[in-house]
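In what follows, a structure is listed as structure tokens, so that the remarks can point back to it.
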Number of protein chains: 2
Amino acid sequence: MGVIEKVKRALATVDGILPLDQILMGDCIETMRGLPAKSVDLIFADPPYNLQLGGDLSRPDGSHVDAVTDDWDKFDSLGAYDRFTREWLTEARRILKDNGAIWVIGSYHNIFKVGSAIQDLGYWILNDIVWRKANPMPNFKGTRFTNAHETLIWASTGEKARYTFNYRSMKTLNDELQMRSDWEFPICGGQERLKKGGVKVHPTQKPEALIYRILLACTKPGDVVLDPFFGTGTTGAVAKRLGRRWIGIEREPVYIEAAEERIAAALPLDESALTTMQSPKAAPRVAFGALVENGMLVPGSMLTDAKRRWSAIVGADGSLKSSCGQAGSIHKLGSLLQNAPACNGWTFWHYEAADGLKPIDALRQTYLLATQI
Amino acid sequence: MGVIEKVKRALATVDGILPLDQILMGDCIETMRGLPAKSVDLIFADPPYNLQLGGDLSRPDGSHVDAVTDDWDKFDSLGAYDRFTREWLTEARRILKDNGAIWVIGSYHNIFKVGSAIQDLGYWILNDIVWRKANPMPNFKGTRFTNAHETLIWASTGEKARYTFNYRSMKTLNDELQMRSDWEFPICGGQERLKKGGVKVHPTQKPEALIYRILLACTKPGDVVLDPFFGTGTTGAVAKRLGRRWIGIEREPVYIEAAEERIAAALPLDESALTTMQSPKAAPRVAFGALVENGMLVPGSMLTDAKRRWSAIVGADGSLKSSCGQAGSIHKLGSLLQNAPACNGWTFWHYEAADGLKPIDALRQTYLLATQI
DNA sequence: CTGCCGACTGAATCCGGTT
DNA sequence: GAACCGGATTCAGTCGGCA
């Protein structure tokens, strides 16, 4: 640990001052002990899964599967993993504000231990969320079902605790349907996947779209998000983009270095580039929010109707806000402004393209083309 | 309990004879204790979820836990549910054959306790499966994500245990793609939903399609399926349709009555429909040498791989010899040349047919057809 | 510049019968 | 029970090379 980190941790401990927008190098549990009680709004945690892989695995074509063999995923026994889980979850609950909440992601290897501990420690589960992978690794030997999803648990600090849930944002993001407990995203790859010398920096980097949705749903701008298993800093990068404050805890200097660089390059929303995220596999129906989530339309950009009589600003959740303060989905705001009973937002709203005004439906078509074929 | 049931249970206990295709009335755990060890092939269990609903929780002895009003009670109910879960899962493991398996369905209220117990008791989790509800109940208050799925756990009796998985059947069922761990079905309604006087008989009747896929994937015709929380007998009805034997345990006479009626009306599929896609493993083994013996390949002829990178000469004994002097079976030489841990010689090696290069597996298929019919 | 083809890859508890 | 060895087994997507 460097001098600066030591000073930061000392400050955090003695004065109750949070080391915001920083990575604390060190052991997860020990470092959490140095953070003040009831001080953060949200915790996102991607702990080791305790995979217990047997021998090598090869594909039908004979090539070798690159497994997660890192030391940080090794535990002596199921009991040891259980104790580790309960220890960090205990610290997490101490650090959370009363109205805070926690998200934990895992697979069947560990999520039942995590969920069980969460319940035992007095948290109150609000939902379990399924991340359906659009492109999971197949089961090469044909011995089981393709392991095509991971599970997230969302819990408040207790049964009576209040918590943040931006219901409208989620509904708008999902094209005016309630957001369900099953979410589909592709695994993290392509440009988004951090590499060094052509080799992936971290074996289990999570997609930004996943964290984006969580932070959008469960935090307000300015809220403090703690990630005790920071890795290469997906949580930090998304928090910065969304105007949230963040704290990361990470043990491995290699990951920290990659994360620092990555977060420094991340742009807050109104400046962020068009291609920050990978396209997800498209559902037949495209939610307007998906275009925003995937960077095809930048939050803060302006839409108008074809004759530029009305204009509106795109929100981070895929909502639109007009200059006179009205807001809603693309369809709802269109009908409001025109004082019409209904409106097809896809053809009504236009964006400024390089070669002139175009309906946002063109973006939807592009999106479909990019993701369907 | 009627006299007949008593006699049946006595038989099961004393003689190790299974009471097949019958509903045993009684407490789940107590009745399971009367069944012989290592006697059933599959257990499907839909235990009560009633963890956080206050007074609905039943203790293992059948008594009801009072409404949860304070922390002490909450801990007590959580602990009571945990003990109940571990008790019935312990009996289940005793009853299962070594090569048997168990499926349990639950929601976030109970599935983490169930999964944790399954791991602690020595079962080996094979997959967790997500049932995505096509038509879930919305979250009326808008306070959380729509709870649109339930989770199933599939586990064998231990890490090294064999288990049944009809891979080909599942792949065929899924349009020639591996079956994934996320399944979509509508909730049980319409004609399928059992009603009496317009009121649903059971509050949580599961769709037959769900059980159908499970039994098709994890049992063979004639296998014995036990459902310790039989309810209105979905497991029995599907088992009968699919030509599997079944045993149900249920406490409530109302459910039993509905189940008996329902199962009596269920029609078995005829045998031809039960013939599912076979794994190649089930086909008789053909020695490569047999093809040579039968003149389908002439000793001295040349085989190559699909890209003609390697070639070898067929020996009179069905061995292959490469130009660089290496020799062995079709599999061994394939792996040697490629420097791979393993190789399926049937698909690796090709012969020169009239219409181009073909895998020698085609010859095997011809041979099988000629000798089987 | 585009389009096609091949190589590569991702949190994976990944074989089974016979000697 | 260990060792042997026959032989079954993959989906979606990205990226680079080449025509």
Side-chain angles (χ1 to χ4, degrees), chain A residues 46-70 72-73 78 105-111 131 133-151 186-193 195 198-200 202-207 231 278-281 370-373, chain B residues 99 119 123-128 155-156 158-160 162-163 165 167-168 171 174 176-181 278-283 285-289 307 318 328-332 334-335 341-349 360-361 364:
Chain A
D46 181 10
Y49 288 7
N50 189 31
L51 299 184
Q52 291 165 55
L53 307 176
D56 281 357
L57 179 64
S58 39
R59 299 184 172 81
D61 66 7
S63 65
H64 180 254
V65 175
D66 187 19
V68 177
T69 52
D70 307 68
W72 50 252
D73 197 43
L78 196 55
I105 184 169
S107 66
Y108 69 84
H109 309 84
N110 71 323
I111 199 66
W131 167 28
K133 301 182 183 183
N135 48 351
M137 191 190 297
N139 181 292
F140 295 115
K141 301 296 185 190
T143 56
R144 304 181 180 186
F145 297 98
T146 304
N147 195 2
H149 74 276
E150 295 190 17
T151 303
I187 59 177
C188 182
Q191 294 300 309
E192 188 185 329
R193 188 86 191 203
K195 292 189 180 172
V199 181
K200 60 187 175 193
H202 195 287
T204 70
Q205 187 183 337
K206 296 295 179 290
Q278 292 299 304
S279 306
K281 154 100 180 200
T371 55
Q372 292 251 294
I373 304 170
Chain B
N99 295 342
Q119 290 181 304
Y123 289 98
W124 193 248
I125 297 180
L126 299 168
N127 276 119
D128 60 335
S156 67
E159 180 175 358
K160 308 286 183 192
R162 302 284 162 79
Y163 54 89
F165 180 55
Y167 175 76
R168 277 301 327 170
K171 191 166 176 178
N174 196 38
E176 288 306 305
L177 285 181
Q178 285 192 339
M179 187 69 81
R180 298 169 40 116
S181 57
Q278 291 294 311
S279 153
K281 269 177 247 175
R285 230 169 53 86
V286 177
F288 178 69
K307 295 175 188 171
S329 71
I330 53 173
H331 315 295
K332 194 166 182 179
S335 66
C343 167
N344 180 352
W346 290 111
T347 51
F348 178 74
W349 293 108
I360 57 175
D361 197 43
R364 179 169 62 161

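Both backbone and side-chain heavy atoms feed into the values below; hydrogens, waters and symmetry mates do not.
What separates CD of A/Gln205 from C1' of C/dT9 is a distance of 14 Å, to the nearest Å. The distance from atom CZ of B/Phe165 to atom P of D/dA8 is 18 Å, rounded to the nearest whole Å. As a whole-Å value, the separation of B/Ile125 CD1 from C/dA12 P is 17 Å. A/Ile105 has its CD1 atom 9 Å from the C1' atom of C/dA11, to the nearest Å. The distance from atom CZ of A/Phe145 to atom P of D/dT9 is 16 Å, rounded to the nearest whole Å. The interatomic distance linking B/Glu176 (CD) with D/dC11 (P) rounds to 9 Å, in whole Å. Counting to the nearest Å, the C1' atom of C/dA11 and the CG atom of A/Leu51 are 5 Å from each other. A straight line from CZ of B/Arg285 to C1' of D/dG7 spans 9 Å, rounded to a whole angstrom.
Considering only the side chain of B/Arg162, C/dG17 comes nearest among C/dA11, C/dG10, C/dG17. Closest approach to the A/Arg59 side chain among C/dT13, D/dT9, D/dC11 is made by D/dC11 (side chain taken as heavy atoms from C-beta onward). Here C/dG10 is the nucleotide among C/dG10, D/dC11, C/dT13 with the atom lying nearest to any side-chain atom of A/Met137. Among the nucleotides D/dC11, D/dG6, D/dT9, the one closest to the side chain of B/Arg168 is D/dT9. For B/Tyr167, the listed nucleotide lying nearest its side chain is D/dT10; candidates were D/dT10, D/dC11, C/dT13. The nucleotide whose nearest atom lies closest to any side-chain atom of A/Gln52 is, among C/dA11, C/dT13, D/dT9, C/dT13. In the set C/dA11, D/dG7, C/dC14, the nucleotide with an atom closest to the side chain of B/Trp346 is D/dG7. Side-chain atoms of A/Tyr108 lie closest to C/dT13 of the nucleotides D/dT10, C/dT13, D/dT9.
Of the two residues near DNA chain C, B/Lys307 and A/Thr204, the one whose nearest nucleotide lies more 5' is B/Lys307. Where A/Trp131 and B/Tyr163 meet DNA chain C, the nucleotide closest to each residue was compared, and A/Trp131 sits on the side nearer the 5' end. Take the nearest nucleotide of DNA chain D for B/Ala287 and for A/Lys195: the residue whose nucleotide is more 5' is B/Ala287.
Classification of the A/Trp72-A/His202 ring pair by plane angle, with boundaries at 30° and 60°, yields parallel.
OP1 or OP2 of D/dG6 has not a single side-chain nitrogen or oxygen of B/His331 nearer than 4.0 Å. Within the 4.0 Å cut-off from OP1 or OP2 of D/dC15, at least one side-chain nitrogen or oxygen of A/Gln191 is found. For the pair B/Tyr123 and C/dT13, the criterion of a side-chain N or O lying under 4.0 Å from OP1 or OP2 is not met. OP1 and OP2 of C/dC8 both lie 4.0 Å or more from every side-chain N or O belonging to A/Ser63. Taking 4.0 angstrom as the limit, B/Lys171 places a side-chain polar atom (N or O) nearer than this to OP1 or OP2 of D/dT10. At the phosphate of C/dT13, OP1 or OP2 sits under 4.0 Å from a side-chain N or O atom of A/Asn147. A close approach under 4.0 Å does not occur between any side-chain nitrogen or oxygen of A/Lys141 and OP1 or OP2 of D/dT10. Contact check, B/Asn344 against D/dA8: a side-chain N or O comes under 4.0 Å of OP1 or OP2.
Neither side chain, B/His331 nor B/Ser329, offers a donor N or O lying under 3.5 Å from an acceptor on the other.
No donor-acceptor distance shorter than 3.5 angstrom exists from the side chain of B/Asn99 to the backbone of B/Tyr163, with no hydrogens or angles considered. For the pair A/Thr151 (side chain) and A/Ser107 (backbone), a donor-acceptor distance under 3.5 Å is absent.
The C1' atoms of C/dT9 and D/dT10 are separated by 12 Å, rounded to the nearest whole Å. Nucleotides D/dG17 and C/dC1 place their P atoms 16 Å apart, quoted to the nearest Å.
B/Phe348 has its side chain out of reach of B/Ile330: every pair of non-hydrogen atoms, C-beta onward, lies at least 4.5 Å apart. Contact annotation: the side chain of A/Met137 never approaches that of A/Asn147 to less than 4.5 Å [non-hydrogen atoms, C-beta and beyond].
With both pairing distances under 3.5 Å, D/dA2 is matched to C/dT19 as a Watson-Crick or G-U wobble pair. Both distances falling under 3.5 Å, in either a Watson-Crick or a G-U wobble arrangement, place C/dC5 opposite D/dG16. In a base pair of the Watson-Crick type (N1 to N3 plus N6-O4 or O6-N4) or a G-U wobble (N1-O2 and O6-N3), with each distance short of 3.5 Å, C/dG10 is matched with D/dC11.
Open room surrounds NZ on B/Lys332; 12 or fewer heavy atoms of other groups in view lie less than 6.0 Å from it.
Residue contacts shown for A/Gly55 include a base, since a base heavy atom lies under 4.0 Å away. Note on A/Asp66: only backbone sugar-phosphate atoms sit closer than 4.0 angstrom, heavy atoms only; bases stay farther off. B/Lys332 comes within 4.0 angstrom of no nucleic acid atom, judged by non-hydrogen atoms across all strands. Residue contacts shown for B/Arg364 are limited to sugar-phosphate atoms, with no base heavy atom under 4.0 Å away. If you check every strand for non-hydrogen atoms under 4.0 Å, B/Val286 touches sugar and phosphate atoms only. Counting any heavy atom pair closer than 4.0 Å across all strands shown, B/Ser329 reaches sugar-phosphate atoms only and no base atom. Residue A/Cys188 is classed as having no contact, given no heavy-atom separation below 4.0 Å to the nucleic acid. Note on B/Pro341: nothing from the nucleic acid sits closer than 4.0 angstrom, heavy atoms only. In this structure, A/Asp46 reaches the bases: a heavy-atom distance under 4.0 Å links it to at least one base atom across the strands shown.
On a pure distance criterion of 3.5 Å, no polar donor-acceptor pair joins the side chain of A/Arg193 and the base of D/dG13. With hydrogens and angles ignored, a donor-acceptor pair closer than 3.5 Å exists between the side chain of A/Arg144 and the base of C/dT13. Applying the 3.5 Å distance criterion, the base of C/dA11 shares a donor-acceptor pair with the side chain of A/Lys206.
Of the inter-residue distances, the one linking A/Ile111 atom CD1 with A/Asn50 atom CG reads 12.5 Å to the nearest 0.5 angstrom. Between A/Asn139 atom CG and B/Lys171 atom NZ the span is 11.0 Å, to the nearest 0.5 Å.
Evaluation of A/Phe140 against the base of C/dC14 yields no stacking contact (centre distance < 5.5 Å, interplanar angle < 30° required).
Syn is the conformation of C/dT13, whose glycosidic angle sits no further than 90° from 0.
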